[in-house]
Amino acid sequence: MRFPIFKTKIEGLDRKPSTRAKLGAGPVPYRNKVSGAGFNLIDPKEQKEYFQSKAGKEIEKLREYLKENSFIAYLLGKKNSGKGTYSKMFAEVINPERIDHFSIGDMVREVDKELETPERKKELINSLEKQYRGFLPLKEAISALEKRNTETLLPTELILALVKREIAKRKKKTLFIDGFPRDLDQISYSLFFRDLIGYREDPDIFILIDVPEAVIDERIKWRRICPLCNTSRNLKLLPTSKVGYDETKKEFYLLCDNPQCKGVRLMPKEGDEKGIKPIKERLKKDEKLTEQANSLYGIPKVFLRNSLPVKDAKKFIDDYEITPEYIYEWDEKEKIVKIIEKPWQVRDDEGIPSYSLLPPPVVVSLIKQMVEVLNL
Ligand SMILES: [Zn+2]
C-alpha cells in the first residue's frame with residue numbers, strides 16, 4: 001500500500017531559532033547547529049508553538065467542532081506503528097478532556113480483572129447480555145474468556161459486545177479505538193466493522209498508518225526501559241538527557257530523567273534484541289487487515305505516513321521534522337560521552353532510502369486531514 005506524501009513544509013516558516021540551540025543546554029540538536037533555525041520538537045513548549053504555526057487554524061476548527069460534536073476513529077496499522085502515540089498527541093493538542101483513546105488489548109486485560117471479583121463479574125455479564133449476539137452461547141463465550149491462554153483468541157462477537165460497552169461508557173466523547181481482533185478472516189472482519197459503524201450517531205473514520213518495518217525493527221532493538229518508573233526510551237532514537245558509558249562492558253546506556261528514579265540505568269527488555277523477527281507473521285497480518293480496511297467503501301479515511309523518500313524531503317518537510325539518530329563516542333581523557341546527532345536514514349519496505357518523521361509532523365497531517373474529512 002502506498003500512501004500519499006503529506007506536505008508539512010510552509011515556505012518562510014523555518015526561520016525561528018531554537019531556544020535549545022541558543023542556550024546550549026543538553027545535547028544540541030544537529031539540525032539546529034547547522035541551520036540555527038527551526039523548532040526543537042522534543043521540547044514541550046516549542047512543540048506547542050510548532051503546532052500553532054503549522055496548523056493553528058485547523059486546531060481552532062477542531063476545538064470548536066468538538067465542543068458540540070464528536071467522532072469515532074479506528075486506528076489501523078502494524079503493531080508498534082505509533083497508533084497510541086499519534087492519537088494521544090492529537091488529544092493533547094486539541095482537547096484532552098473531549099477525546100479518549102482505548103486499545104482492545106487494554107480492554108481485554110481490564111475484563112480479566114473484572115472476572116476476578118464476583119461483583120464486577122456479575123455486572124459485566126449483565127451488560128454483555130444486552131449487547132452480545134453470537135452463535136456461541138454467552139456462557140461459553142465467557143468461559144472462553146476465563147480459561148484462555150494468550151494464544152487463544154476471543155470470539156469476534158464477544159469482542160464486539162465488549163467494544164460497544166466501552167463506547168457506551170464514554171457517551172459524548174470523541175474516541176480513538178486502537179487494535180481490533182487480529183485473526184479474522186475476510187468476512188468476519190468486515191462484519192466487525194459493519195456492526196460497529198453507525199453504532200453511534202456521530203461520524204466514523206478510519207485512520208490508516210504506514211510505517212516501514214525497518215523503523216519498527218529499530219524501535220524494538222534499541223528500546224530501553226526504566227526498571228523503576230517503566231519509562232520507555234530508545235538508545236538510538238530517543239535518549240534521555242543523560243547518557244553514560246560502562247567501561248567494562250564497553251556499552252553506552254541511558255539514565256532515567258525522572259527525579260524519583262535518581263538516575264537509575266534504563267535496561268533492554270529480554271528478546272528485544274531480536275527486533276521484528278518474532279512478530280513477522282503478526283506484522284504481515286496487520287498489513288493485510290489495513291489493506292482490507294482501506295478497501296471498505298462508505299467510510300472516510302485518513303492516511304498517516306511515517307516516512308518519505310530522502311529525495312523528496314526538501315520539497316515536503318522541514319529538516320527538524322526528521323527523526324534524528326544519536327551516535328555516542330567515549331572521550332577517554334575527559335571521561336565524558338560525546339553525543340552526535342544526525343538525520344536518521346532507513347530503507348522503506350521497497351528499499352528506498354527514506355527519512356522517518358517525528359510524531360508532531362505526522363500529527364499535523366492527522367489534524368489537517370481530519371478537518372477535511374469532517375468538512376470543517
Ligand atoms: Zn525511571
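Position 1 is the first residue of the sequence; numbering continues from there. Computed from a predicted model, the values in this text were never measured in an experiment. Each ligand, and each atom within it, is numbered from 1 in the order the structure gives. Keep in mind that the numbers below use all heavy atoms, side chains included, and drop hydrogens, waters and symmetry copies.
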*Hey, do the aromatic rings of Phe90 and Phe176 have their centres closer than 6.0 Å?*
yes

_Sequence-distant partners of Tyr355, ring-ring contact (aromatic ring centres under 6.0 Å, His included), two or more places apart_ = none

*Does one side chain, of Thr248 or Asp246, offer a donor that lies under 3.5 Å from an acceptor on the other?*
yes

_Distance-only side-chain donor-acceptor flag, Asp257 / Thr240, under 3.5 Å_ = no

*Please confirm whether Arg265 makes a cation-pi placement over Tyr253, using NZ or CZ under 6.0 Å from the six-membered ring centre and within 45° of the ring normal.*
yes

*For the hydrophobic clusters of this structure (ILVMFWY residues joined by side-chain heavy atoms under 4.5 Å, transitively), does one cluster hold both Leu308 and Ile10?*
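Yes: a chain of side-chain contacts under 4.5 Å links Leu308 to Ile10.
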
_With 2.8 Å as the threshold, which protein atoms of type N, O or S lie near the Zn ion (ligand 1)? Leave waters out._
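Listed by chain and number, the atoms are Cys226 SG, Cys229 SG, Cys256 SG, Cys261 SG.
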
